[in-house]
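For reference, the structure is listed below as structure tokens.
We count ligands from 1, going down the list as the structure has it; atoms in each ligand are counted the same way. This chain uses plain numbering: 1 for the first residue, then up along the sequence.
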Amino acid sequence: MAAYLNRATSMVGGDGSQNRLGLFTNGTRTISTVNDSPLQVFVRAKKKINDIFVEIHDYSKDAILFLQEIEDKSIIQDAEVKEVDSFVGKVKAIRDVLCRDHMKVAFFGRTSNGKSTVINAMLHEKILPSGIGHTTNCFLQVEGSDNNEAYLMTENSSDKHNVQSVGQLAHALCDSRLQECELVHIFWPREKCGLLRDDVVFVDSPGVDVTPNLDEWIDNHCLDADVFVLVANAESTLMVTEKNFFHKVSSKLSKPNIFILNNRWDASASEPEFLDQVRSQHATRCADFLVKELKVCTTKEAEERIFFISAKEALLARLREKDQKPASSGALAEGFQTRYFEFQDFEKKFQECISQSAVRTKFDQHSQKGRLIATDIRTVLESVHDRATTLRNGKLQEKEQLHEALNRTEQQLMIITREMKEKIRFMVDDVEQRVSRALNEEIRRLSNLVDDFNLAFHSDPIVINLYKKELHSHVENGLGSNLKARLSTALALNIESVQLDMTDKLTDLLSEEKIATSGNTIATRRQPFQVSYRLNCENLCADFEEDLQFQFSWGLSAMIQRFQGKNYNRFAIKSYGSNQMVPRPMNSPADSMDLTTVSYNGVSNQIGPLSAEQWTVISKIALATFTSQSTMGGLLLAGFMLKTVGWRIIAVTGVLYGGLYAYERLTWTSKAKEKLFKKQYVQHATRKLRLIVDLTSANCSHQVQQELSTTFAQLCHLVDEDSCDMDAKLHELDKSIQVLEKAAASAKKLKNTANYLNNELDIFNEIFLKSAN
Ligand code: GDP
């Protein structure tokens, strides 16, 4: 025992590492307290375990708060939250039990053996009533009161009965008709008794000889007792009733701590010659009872559990000491000092025993429960930590992949954009060339188209205007449909192939979700595109003026016109050549619509050849000049010819000339007029259409360019949207990674707290429990 005390003292003393338990602030005081009373071990153990449980309570509350506040619920399970939540209540219940934990000693024996007297002697005060006869008719539990008041409370009532003295107590107990099994709590000021101050609780019982309900007694009052004291009468021997009771106790409790007090040993003073003999006989019987019958201790241990005392003398001595009188004063039987020393020895052994037993039986359980709770919470937090870490790693990987995909998309988009620009440029050039070639071909075949026009012709100006209008639209439609027939299929195929190519390439950059959601947009892009060939002949040939005046083909003006025609053609070709570089249309479709008109007007203003009217005027002037100024010359020429070829030839030529004129005049019908009209129209339209070949082809290529650019832009927009989605996803991932990292860090911290608590419990076990075992 001394070794145990020394060990306990060294553990809880001035050493800094032990002070972190928070129990002991003053090493010197601790040592002296430990030396004063073994009960202090229990007191300190209780405080320490209480402190640890306060921490476990806080820990369980922190853990549940943490679990409830976790943002990402996928890393916790409802069952785990419930489990940890239940721990808060459990720890609270243990703390409540801990507060009530005390060292309990129960006194049993036959009536009037002196149980109450022993308790009074131990408490240094006459608290319990004692006397000859059946003085204790129920269970009395004496414990310290926190408010320094003396009162008693019965089991089924919370009423406090004031008691200031033993007389009052006895009176109060008599007044209340109590069953023998009932328990009355007697609260006595702690300050008055050292044992009460140190949390020892005394239970006095009615005599075991007065009741058959021993089982009930044990169940109700003995199961949590740390030490049992059998108060026997040394004037007789151990009785069967006493033995029976303890047989029952040891059958219900494993190795109960039992002390046997052979009381009334003062009686032996009257027969000193038999003293040793009787003592030896009692001691042997008591030891046999403990060792052989009950088997609760060894023979050596039994020697430490059997005492021969006089409680009456011890109580008297204590009361004298209290009055500051010598303990041995007054009339005392022979051998008082020896008996008093033995009583004190009993007290010392009892204190060591009850302290160790209570620490072991009560706090060992709490310590184990605390460890289990801390470990279980730790397991939950470990799972949360592991899940958070695994999820975080997964998300980090996802983030990295997303990052790579985003970069790859960006690079691919740049490459595809460059490639598609090239393709579109090539496509535009190709379309321009094709349209230009086809239109030139159609212009060359314009006369066929005009010949196919079958509307009735009349030279009346109103009819001619209508005829012109219809002819314009016939030519416009004919040219349009011919161009379409020549180009549409090839162009559509080429455009579609480029569109498909860009769709496929850009679709490859899209995520599956995006493809699923943008299916319509992508499909729309695959619809065939038609180039519109708008020539607007009405505007183009608005300035066409037919000349249906009869004209003798061998007349002077016709001759001049023929000459003019040659020059005109040469001039027109020259002009046409100089106007090859027709500017490209602007990007706006509205601009492209009006281009024919604008350019036509522009061109008509630029072209320099003289009109037919101008040439007629010139020829008339030339003729007049010739007539007026050269009359004389003409007469001379006629005379010269008459003389050279003869009049007959002149006459025949004149007749032929006249006949030719008459023939032409007679065949100048409506049909001839229509033919001339169409011929003039073809010439005019050919000239005008040639001027807009470049413009038209540029317009068509522009349409294609617009179509392909729009397709590409729309697909790029989808890729952009997808990239934005990926960006948003990256942001989301960043956020959830942060949440998970925070959760993992908190779980780790709380996990470590469990380690700290387990460590605290380890230290507690090392200091208090190992030494108590
Ligand atoms: P209980 O019924 O077992 O509680 O016994 P009590 O404590 O009431 O004591 C019964 C009587 O025995 C009282 O009158 C006591 O004074 C007396 N008594 C108790 N202990 C001793 C003792 O050691 N020696 C003597 N001579 N009388 C005692």
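- When each of Asp199, Asp51, Asp198 is checked for a salt bridge (Lys or Arg N to Asp or Glu O under 4.0 Å) with Lys46, only Asp199 meets the rule.
- For ligand 1, the polar-atom distance check against Ala311 finds a nitrogen or oxygen pair separated by under 3.5 Å.
- A ring-centre distance under 6.0 Å is found for Phe139 and His221.
- A ring-ring contact (aromatic ring centres under 6.0 Å, His included) with Phe307 is found for exactly one of Tyr340, Phe346, Trp265, namely Phe346.
- Remark: Lys115 fails to qualify as a cation-pi partner of Phe107 under the 6.0 Å distance and 45° angle criteria applied to the six-membered ring.
- Residues Val203 and Lys104 share a closest heavy-atom pair of CG2-CE, 3.5 Å.
- When the shell of 6.0 Å around CG of Asp78 is examined, it contains 12 or fewer heavy atoms from other residues, nucleotides or ligands.
- Counting heavy atoms under 4.0 Å from ligand 1, residue Asn263 touches it through the side chain alone.
- Taking the centre and axis of the six-membered ring of Phe259, the NZ or CZ atom of Arg305 falls inside the cone set by 45° and 6.0 Å.
- Considering both main-chain and side-chain atoms, Asn113 comes within under 3.5 Å of ligand 1 through a nitrogen or oxygen pair.
- Ligand-side atoms of ligand 1 in range of Ser116: 4 (O), 7 (O), range being under 4.0 angstrom from any heavy atom.
- The closest approach between a heavy atom of Gly109 and any atom of ligand 1 is not below 4.0 Å.
- Taking any N or O of Gly114, backbone or side chain, at least one lies under 3.5 Å from an N or O belonging to ligand 1.
- Taking Lys255 as the reference, nothing meets the salt bridge (Lys or Arg N to Asp or Glu O under 4.0 Å) condition, with sequence neighbours excluded.
- Nearest to atom 16 (O) of ligand 1 by heavy atom, out of Arg110, Lys312, Glu313, is Lys312.
- Between Ser112 and ligand 1, an N or O atom pair is found at a separation short of 3.5 Å.
- Heavy-atom proximity to atom 18 (N) of ligand 1, evaluated over Glu235, Lys115, Arg264, is greatest for Arg264.
- In summary, the atoms of ligand 1 found under 4.0 Å from a heavy atom of Asp266, numbered by their order in the structure, are 22 (C), 23 (O), 24 (N), 25 (C), 26 (N).
- Proximity annotation for atom 15 (C) of ligand 1: of Thr117, Leu128, Leu315, Thr117 comes nearest, heavy atoms only.
- Among the atoms of Ser310, some N or O lies under 3.5 angstrom from an N or O of ligand 1.
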